[in-house]
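Here is the structure we will look at.
Every chain is numbered from 1 and lettered A, B, ... according to where its sequence line falls, protein lines coming before strand lines. The analysis underlying the following values was restricted to heavy atoms, covering all of them including side chains, and did not include hydrogens, waters or symmetry mates.
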Amino acid sequence: MSAAPRLRFAPSPTGYLHVGGARTVLFNWFVARREGGEMVLRIEDTDTERNRPELTDDILEQIQWLGLGWDGEPVHQSERQHLYAAAADRLIAAGRAYWCDCTPEQVQQRAKQRGGPPGYDGHCRDLGVERGPTTALRFRVPDDGSTSFDDLVRGTVTFDNAKLEDFVLLRSNGIPTFLLANVVDDADLGITHVVRGEEHVNGTPKYLLIGEALGLDHRPVFAHLPVLVNEQRKKLSKRRDSVSVAEFREAGYLPEAMVNYLALLGWGPKDGVEIRPVGEIVDQFRLDDVTPSPAFFDVKKLQHFNAEYIRALDADAFVERARPFFTHGHATEAVLRPIAELVRDRVRLLTEVEPMVDFLRDDEVAVDDAAWAKHVAKHGDRAATMLDAATAGLADCAWEAPAIEATLLDAATVAGFVNGEGKPQMSKAQGPVRVAVTGRAVGPPLYESLVVLGRERTLDRLRSARADL
RNA sequence: GCCCCCAUCGUCUAGUGGCCUAGGACACCACCCUCUCAAGGUGGCGACACGGGUUCGAAUCCCGUUGGGGGUGCCA
């Protein structure tokens, strides 16, 4: 029935790509993929004051990192000024726009005196102001009637034209505002679905009014996604919230986990299966099913997803993915490799990998005071005996996990770490050994770790700890 | 102030008039498993904001109240 849709993600390079933006690209991408359509990128760099061109690279890079592709070359609004200027001329010729030389201060002051709602009062509407170095072009909003549209997420939304002020189309520096540029570009690029954040709902009637005044027969379908909020239930802000996609990437999150989690903010699969391949989400995703209410970005749940995705990796892939986070590349990889699965099942973030095996890599190991107190010192003589027995036994047992286990089991019995039936209690007996050898109370399974560490280093650390008791 | 929107467990959601004494997931708690930690297993805590309608019947439809959010720029 309908032709392939054409979506667009239109970021402005005034900040890094944050999770809210990522969710917006993602939903656009879902629709494009599901319907066999396209998604184009449009860089809205019309605000010459705030623009930071270098941020465009970050935005593109993060989108790619997430595994989301786009179609064609990104379009830059800064390179399409002639289109907007032509549209503005048409609006002027049609009597739908006029020049205004009021300064923002004047507008504000009049509103204050008026006592009514803030905003422009239409002061220059019929003054016949000529274009000049300080004039802005304003759209003449109809005095009556209403403008409404059907939003895929929210249903029909209606605005009284009388409540809309005569907004600016062209700044006094000649550069268009995003209101004008958006309409012109969406029509020019053949955009069929405008999927963007909820903060744009109020701008939509202006969008429609401009399009109508321009005589465009282009009318996209709108879908305004719910905002992402922080714990205070306020819209996520780049300033107060730490939410840039790059930060999550650097913190060791997998893009697959990120995408999967983001898909669940404002949408949910009918069958309740949350963790699933992105392809399945694409198949099930529908804008009509998007929830209209704000969603809280829950890092805890994201972490859970990330851990799940990490555990689903095979050993090689895991090492591969973790490698970029190593500060001691080869050395870390060498000790990780033998126990990759054991480590993989215990981390939530890729950045946690190296710290979990550094005791295997480094010559010196720092002993954590709290761990020492709780798992070694507290046991006094029993700990000393355990350390001695372990040292003696490990000096000549076979250097493989089963033999090491048997040796430590014996040592536990000798040291008196036994239960009521005289069976060795490794939950406690492993404490002194683990802390002595790894410096910490928690870590990968002990026996396998010792195999990697090697007999000499194990014995050295055991003796060293014994000497400190 | 004005405009627009939203309202199911702490959080993300399922639910489109009867299948709901409201399901799942994260978080939390307990127990089990267990060489620490994870993972896993079992169980628990925990919600339809409130008030009116409509209907034989409402979490689901309508109205109001309350609460929350977004917008209100010569930013996007």
Side-chain angles (χ1 to χ4, degrees), chain A residues 10-15 44-47 49-50 100 102-104 107-108 115-120 134-138 151 153-155 157-160 163-165 167-173 175-179 181-182 196-205 224 226-227 229 231 233-235 261 264-275 289 291-305 307-308 311 342-348 356 371 375 404-405 408-409 412 424-431 433-435 438 440-448:
Chain A
S12 65
T14 53
E44 311 224 320
D45 52 357
T46 54
D47 185 354
E49 298 287 303
R50 267 163 274 249
C100 165
C102 297
T103 63
V107 171
Q108 208 171 57
Y120 186 65
T134 61
T135 59
L137 185 70
R138 287 183 182 273
D151 190 295
V153 176
R154 281 148 220 285
V157 184
T158 306
F159 292 82
D160 276 336
K163 300 289 186 185
L164 267 27
E165 62 174 359
F167 53 90
V168 172
L169 255 16
L170 243 39
R171 301 182 180 82
S172 50
N173 62 8
I175 295 175
T177 59
F178 92 113
L179 259 3
N182 251 303
R196 59 206 325 192
E198 182 187 343
E199 63 270 24
H200 293 291
V201 173
N202 295 279
T204 306
H224 290 97
V227 291
V229 299
E231 38 284 285
R233 293 256 123 203
K234 298 284 186 195
K235 183 170 79 162
Y261 176 67
L264 267 22
L265 256 24
W267 178 83
K270 301 296 181 199
D271 60 13
V273 179
E274 297 189 324
I275 295 182
D289 296 331
T291 330
S293 45
F296 170 67
F297 186 84
D298 188 356
V299 180
K300 287 262 192 64
K301 188 158 181 172
L302 205 213
Q303 281 185 349
H304 175 261
F305 275 37
E308 291 272 2
R311 282 196 292 274
L342 298 176
V343 173
R344 170 249 270 156
D345 292 346
R346 288 169 171 72
V347 297
R348 290 175 307 173
M356 195 171 277
H375 298 276
I404 290 173
E405 175 176 18
L408 292 182
L409 242 25
Q425 267 190 311
M426 284 312 289
S427 57
K428 284 182 181 157
Q430 59 99 35
V433 178
R434 177 180 291 281
V435 174
T438 75
R440 308 187 190 102
V442 302
L446 189 56
Y447 317 141
E448 288 79 358

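Nucleic acid contact class of A:F178 (heavy atoms, under 4.0 Å, all strands): base. Base contact: A:H200 has a heavy atom under 4.0 Å from a base atom. Contact annotation for A:R50: base contact, defined as any heavy-atom pair under 4.0 Å involving a base atom. The residue A:P294 sits close only to the backbone: its heavy atoms come under 4.0 Å of sugar-phosphate atoms, none of a base.
Counting only N and O atoms by type, the side chains of A:T14 and A:S12 include a donor and acceptor under 3.5 Å apart.
Taking 3.5 Å as the limit, the base of B:C5 and the side chain of A:R154 contain no donor-acceptor pair of atoms between them. The base of B:G71 is not paired with the side chain of A:E198 by any donor and acceptor separated by under 3.5 Å.
Following rounding to the nearest Å, A:Y120 (OH) and B:C2 (P) show an atom-to-atom distance of 24 Å. If you measure from atom CG of A:N202 to atom P of B:A76, you get 16 Å, rounded to the nearest angstrom. Summarising the geometry, the separation between CZ on A:R440 and P on B:U36 is reported as 18 Å, rounded to the nearest angstrom.
Nucleotides B:C29 and B:C9 are separated by 15 Å at their C1' atoms, to the nearest Å. Using atom P as the reference point in both B:A7 and B:C62, the two lie 11 Å apart (nearest Å).
In this structure, of B:C12, B:A27, B:U36, it is B:U36 that holds the atom nearest to the side chain of A:V442.
Between the CZ atom in A:F296 and the CZ atom in A:R233 there is a gap of 8.0 Å [rounded to 0.5 Å].
A:Y261 and A:F305 have perpendicular rings, their planes meeting at more than 60° on a 0 to 90° scale where under 30° would count as parallel.
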